[in-house]
Amino acid sequence: MIISKHLLGLEGVRREEISLILKTAQSFKEVLSRPIPKVPTLRGKTIVNLFFEASTRTRISFELAEKRLSADSINFASSGSSVAKGETLKDTVRNIEAMKIDMVVIRHQASGAAHFLTQCLEAGVINAGDGQHEHPTQGLLDMMTLQEKFGRLQGLKVAIVGDITHSRVARSNIHGLMTMGVEVAVCGPATLLPRDIAAAFGQDLLVFKKVDEAIQWADAVNVLRLQLERQKNGLLPSLREYALHFGVTRRRLEDAKREVVIMHPGPINRGVELESDLADSEFSVILDQVTNGVAVRMAVLYLKSGGEQEVMNGNGA
Ligand code: CP
């Protein structure tokens, strides 16, 4: 299979490629359970993690994935760099590439920043979240978690609840899940749903106005972080009202009489979009998502740097 050296989003990525990434991630998850959870797969490769925006899970799991694959990792944070003196993104990355690097992982507040880097660099570019565009490795780790939990993706029903318009996690999930044959629904306040959602994602995407209906329908609910800055922009009357109408709670699950799997990309606003107790309950797979993030990122780094042999039997491990 011919695979692009970049991963900018899940829109347009073929089912075969997503399946290969998920299968490879499962093999790497086995590697991670070994007493010495490390393989020489990317020895000699240098990967730069460029983080222009805050991150806990994505930054640490990319760094850990690189170490588990024996790559050399360089971590760049915009604060404390020459970006603070006005250096442009293009100059920053071209100077870093001049030091001979093989791959760049970038998180940036601007939608399109990862795509822009592909125009400036020879190195492979992995999008770790760009503005409101996409967060493809989050979409992949969410699919891996669902596949583990249910043993399949085809035919599952997944509801994504919250701020759909501004969420890169929602966009990557919708594109990836639909490609894999999952039925997808969204639910949120009208001010946080794209105006023409069918034009954005296609006619097959379902829309629920009430979170209780979404829970009643779904096998899994992916609860999005409420971006608190949206309240300042007048898109929400108050956090209390949001929690009342769209907060996912144990009571709502009990009313629906459904054992729904609860997902969240983090960080959680406890008591706003998700009841604190439910986040830590038997319904939650939130920490499984985080665990799977390392294996998925190992798979992406491995495949995007040219590997496609059997991980367990070939040079991969
Ligand atoms: N899910 C996610 O992107 O979390 P971080 O912002 O902590 O990386």
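Just so you know, these numbers come straight off a predicted model, no measurement behind them. Basis for what follows: all heavy atoms, side chains included, without hydrogens, waters or symmetry-related copies. Just so you know, ligand 1 is whichever comes first in the structure, and atom 1 is the first atom listed for that ligand.
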Plane angle bin for H175 and F201 - parallel if under 30°, tilted between 30 and 60°, otherwise perpendicular
tilted
Tell me whether K23 is salt-bridged to E16, with the criterion being a basic N under 4.0 Å from an acidic carboxylate O.
no
Would you mind checking if R297 and E63 are paired as a salt bridge, meaning a charged N to carboxylate O distance below 4.0 Å?
no
Got a list of side-chain donor-acceptor pairs under 3.5 Å for residues 155-162, not counting sequence neighbours?
none

Please write out which residues are connected to F208 in a hydrophobic cluster, directly or through intermediates, given that two of Ile, Leu, Val, Met, Phe, Trp, Tyr count as joined at side-chain heavy-atom separations below 4.5 angstrom.
L206, W217
Starting from the N and O atoms of ligand 1, find every protein N or O within less than 3.5 Å and list the pair with its distance.
{"from": "ligand 1", "atom 1": "1 (N)", "to": "Q138", "atom 2": "OE1", "distance (Å)": "3.0"}
{"from": "ligand 1", "atom 1": "1 (N)", "to": "P265", "atom 2": "O", "distance (Å)": "2.8"}
{"from": "ligand 1", "atom 1": "3 (O)", "to": "T58", "atom 2": "OG1", "distance (Å)": "3.0"}
{"from": "ligand 1", "atom 1": "3 (O)", "to": "R107", "atom 2": "NH2", "distance (Å)": "2.9"}
{"from": "ligand 1", "atom 1": "3 (O)", "to": "H135", "atom 2": "NE2", "distance (Å)": "2.9"}
{"from": "ligand 1", "atom 1": "4 (O)", "to": "R57", "atom 2": "NE", "distance (Å)": "3.1"}
{"from": "ligand 1", "atom 1": "6 (O)", "to": "R107", "atom 2": "NH1", "distance (Å)": "2.8"}
{"from": "ligand 1", "atom 1": "7 (O)", "to": "T56", "atom 2": "N", "distance (Å)": "2.8"}
{"from": "ligand 1", "atom 1": "7 (O)", "to": "R57", "atom 2": "N", "distance (Å)": "3.0"}
{"from": "ligand 1", "atom 1": "7 (O)", "to": "R57", "atom 2": "NE", "distance (Å)": "3.1"}
{"from": "ligand 1", "atom 1": "7 (O)", "to": "R57", "atom 2": "NH2", "distance (Å)": "2.9"}
{"from": "ligand 1", "atom 1": "8 (O)", "to": "S55", "atom 2": "OG", "distance (Å)": "2.6"}
{"from": "ligand 1", "atom 1": "8 (O)", "to": "T58", "atom 2": "N", "distance (Å)": "2.9"}
{"from": "ligand 1", "atom 1": "8 (O)", "to": "T58", "atom 2": "OG1", "distance (Å)": "2.6"}
{"from": "ligand 1", "atom 1": "8 (O)", "to": "R107", "atom 2": "NH1", "distance (Å)": "3.4"}
{"from": "ligand 1", "atom 1": "8 (O)", "to": "R107", "atom 2": "NH2", "distance (Å)": "3.4"}

With sequence neighbours left out, what residues match R171 under side chain to side chain donor-acceptor pair (under 3.5 Å)?
none
